[in-house]
Amino acid sequence: MKILNSALTGLAVALIATSALADVSGKLVLYTSQPNEDAQQTVEAFNVLHPNVEVEWFRDGTTNVMARLEAEFAAGDPQPDLLLIADSVTMERLTNEGRLMAHPEADIAAYDPATMDPEMFWFSTKLITTGIVYNTAAPMVPTSWQDLLSPEAANQIVMPSPLTSGAATIHMVSITGHPDMGWEYYQALADQGALAQGGNGGVQTAVAGGEKLYGMIVDFLPIRAAAQGAPVAFVFPREGVSYVTEPVAILSTAQNPDAARAFVDFLLSREGQELAATQGYLPAHPDVAGPAGFPARADITLLPFDPARALAEDQANKLRFSEIFGG
Amino acid sequence: MKRNWGGERTALAALACFGLALFAAPLWLLFAQSLVSAEGPSFAPFAEALENRAVRRALINSLDSASFSAIIALVLGVGLALVLALSDVRGKRIMVFLILLPMMIPPHVTAIAWTQTFGPSSPVLGLFGLAPPPGTPNPLYSRGGVIALLALQHTPLAFLLTLAAIRVLPREMIDAARVSGAGPLRTLVRVILPLLAPALIAAGALVFVAALGNFGIPALLGIPGRYTTLPVLIWQRLSAFGPGMLPALAVLATLMAMVALAAVCIQIALSRWSAVRLIGIPQPPQPFALGRARPVVEAALGCLILGTLALPLLALIGTSLVPVFGVQLSFDTATLENYREILWRQGVTARAFANSTLAAGIAGLVLALVAVIVGYFAVGRAATPRRFAAGFSTLAELTYALPGIVISIAFILAFLRPLPVIGISLYNTLALIILAYLAAFAAIALKPVVAAFRQLDPALDEAARIAGAGFTRRLWRIFVPLMAPAAASGAILVFLTAYNEITVSALLWSTGNETIGSTIFNYENGGNTTLAAAMSTITVAVTGLLMLLLDRLGRHLPPGIIPWRI
């Protein structure tokens, strides 16, 4: 009897021990460009599944996050385990520099292969498009990018700057690469008195506050705000919208790769994608329904985008943009 | 006869280490970058930078906004200080309290509050139906707006410095003038202002340098108004292009340092020309009677103070009560949801308050002590310590003139790797933020203390030396008590500046080490103006409470330590 008791106790302890070993723990450092509340919610939802992980996160526009990371690379001591930023072009650059760690076990079978890195270094989590926002008191309702060049929009346009926002960088490449628009479109916008400042949050504030009537912005901000009563509306222009996929990746210098992999798995899982939908984003998972206020995925026209060209011309593009819009 | 140098040598050595570690090393790392090109040491980056039209424009705008706002702030601040310290208006304590309150509000919050006062969705103007129609550009997004708000932001600084200086004036001079029959105006112009001259020059230089390095106001008002200043240009370029830009940015930082150095040199020259050694105990003068003009003056002061304080605060509170920015404030739409989110859901707020209080408190105390020691050496007889103290002061003022962004970059580069002996890296700790505060705000504590030391009668020190007192004893028994008002003013100023600031912690904060400024700025950047407004309102309320607490404490402290207890 005594032997049986001890054996059972031993088995129970072993089971508990292995299950405790099986769950990830420790500190996890995340650098992200998501808005504060969304980052906080994502971390809290992750902690429900993995309570022993202590997540520290740093939030800023993608370009600013990369500046901080570059400073850390230069000093030889990168801090984060994970990056969750706006655009995949930056991720490609990091892959080429050998800064990322692959996660081959990630389950991406259900996803569109075009949104995922074939070498499994980074994984898209959402579909965030950039279109036009307008204040509902505006006299003209835009339906195409060219409407922003009309006289009613003079001195009434605000847009995020690629010097802060990753989404704005991708948008710049998409627009200037479009045969009907190109850099002449941006020059015409500058002649219209368009203001290029900061991130998408600033655009939302300016248009909702009525200081400017029109803006270029990521989709979830105005759609979410309009649902709460703000006097704004979002338009998917005729020619199409640019898009970023908010990829997540593990750094090669990660201190806690197990927890990092668990975080990536969470973001790609059904729960993670449904969380994104409740936060107001269009999830990357094709079977998870998007939030209210969005058209069906099939109805959204995407502007063509060349990632290789974006990578090669990044610095030159940003300098040209700041020359046109005065920094 | 051999001089006993023991205590002074230790103090000098400690100061040297302090200066080296906090001012010299990080700045050197940064400036070394501006003198290096692909071929090795060269001046090519300077020439390149000045060729750029954007840089030239930013330099001109920086000088322009700093000069004009300094003049306005000096006139307003000194005027207010003179009226409140020298006349017999009633309610002085409350007025001084309210004048100093805007200084507590962080610059970017000031900018938010004022733009919301005048914007199309202004809660205040909207209530009276005076809100401009949607699509109207905000009048504050312009050169005038930047200068006006910079002046408003720094008026309390000039006010405080002048007030502290008036308190150190000996009464005899002014009483003698009045007994001789001089009226208030004549006493003011012929006696008081010349006696105050060094303090006024110091205040002017400090306000100029503060406006030069200010980031929050030109960032929020100047960028939309296409009026870029140097700190904003540096921040934009660094944020966008990363450390690859550091050589070019070090050049811009050096440019700013040269302008600040010029201002400091002019100030030193003017101070030497105008300084007067005074004999006698510092005592505030007898107030001038205003007679029938008193109610008018009180009413004017009241309107000024309420206008500059109440309007933006109301706009801020109004914005914090709407569910989402853009919704008009009314009884139906008002909600406390933003406060709930901040206080209960996001743990970051309590952490931010705790961190900021701790960091600013430590910085204030340490810098007050350092200022007393530097001041002692600055007016001493021995040449080497005096030159050293002068060098220390100059370094401190250069660092203060640099935008907080540049200081934080320098500190990241200097302190990212683990320290040599201890083996711990200070990066991503509150300690690094505190060190950066010590470097960035030393000038604020030094100015009032060194100015007060210059007015000190050397006979006291000499008498103590002859009686055989050592350095430490002289420090604690003579200089610290005498300098206590000036040092405490300096410490409080440092606390209030560090409590509110954003530019230093913008790149140095991390989760667990958030500061108030970084939290508010992050909310704003993420488009959460309502959360930013709610947190700003809480900050202002907490600061007001802190000031009330200090006020209660002031009853038990010698006069002069609490700035608004006249």
Side-chain angles (χ1 to χ4, degrees), chain A residues 29 34-37 40 55-61 63-64 66-77 79 135 137-138 155-156 158 161-164 195 197-213 221 224-225 228-232 315 318 322-323 326-327, chain B residues 54 58 115-116 119-121 131-138 141 219 223-224 226 228 232-233 236-246 323-328 333 341 345-346 348 409 412-413 416-418 425 427-428 506-507 509-512 519 522-529 531:
Chain A
V29 180
Q34 278 189 310
N36 289 71
E37 287 153 312
Q40 181 74 20
V55 184
E56 286 184 6
W57 51 272
F58 167 76
R59 190 264 153 209
D60 207 335
T63 321
N64 299 10
M66 293 314 299
R68 175 181 256 244
L69 197 55
E70 292 294 333
E72 292 172 14
F73 286 149
D77 191 12
Q79 303 291 307
N135 190 299
N155 292 316
Q156 296 290 347
V158 60
S161 166
L163 304 184
T164 304
L195 189 63
Q197 64 175 21
N200 290 280
V203 173
Q204 171 65 24
T205 308
V207 177
E211 276 157 31
K212 299 284 179 185
L213 294 177
L221 281 175
R224 211 157 62 175
Q228 291 180 286
V232 292
Q315 203 83 322
K318 284 176 179 160
S322 60
E323 289 297 316
Chain B
T115 45
Q116 282 164 14
S121 65
T136 329
N138 200 306
Y141 290 159
I223 297 179
R226 303 255 185 132
T228 319
V232 175
L233 190 67
Q236 280 177 326
R237 294 252 174 107
L238 189 65
S239 306
F241 299 105
M245 265 274 162
L246 269 177
V324 115
F325 192 63
V327 176
Q328 280 295 335
T333 54
E341 171 82 24
R345 292 204 41 217
Q346 308 238 347
V348 73
I409 294 286
I412 291 176
L413 287 174
L416 186 55
R417 291 218 181 79
S425 166
Y427 186 60
N428 273 357
L507 292 181
W509 80 273
S510 54
T511 308
T519 315
N522 281 339
Y523 280 144
E524 210 187 297
N525 246 4
N528 255 318
T529 314
L531 286 187

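Every chain is numbered from 1 and lettered A, B, ... according to where its sequence line falls, protein lines coming before strand lines.
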Original post:
Checking side-chain contact (heavy atoms from CB on, under 4.5 Å) for the pair A/L195/B/R226: CA distance, chi angles, key distance, verdict?
Top reply: CA-CA 9 Å; A/L195 189 63; B/R226 303 255 185 132; 4.1 Å; yes
**OP:** Sort A/A230 into side chain, backbone, both or neither according to what part of it lies under 4.5 angstrom from a heavy atom of chain B.
**Re:** both
Subject >> Closest approach of A/A208 to B/F325 (non-hydrogen atoms, all atoms of both residues) >> reply: CB-O, 3.1 Å
Subject >> Contact summary for A/E211 and B/T115, nearest pair of heavy atoms >> reply: OE2-O, 4.5 Å
Subject >> Interface residue of largest heavy-atom contact number with chain B, from A/N135, A/V207, A/L213, under 4.5 Å >> reply: A/L213
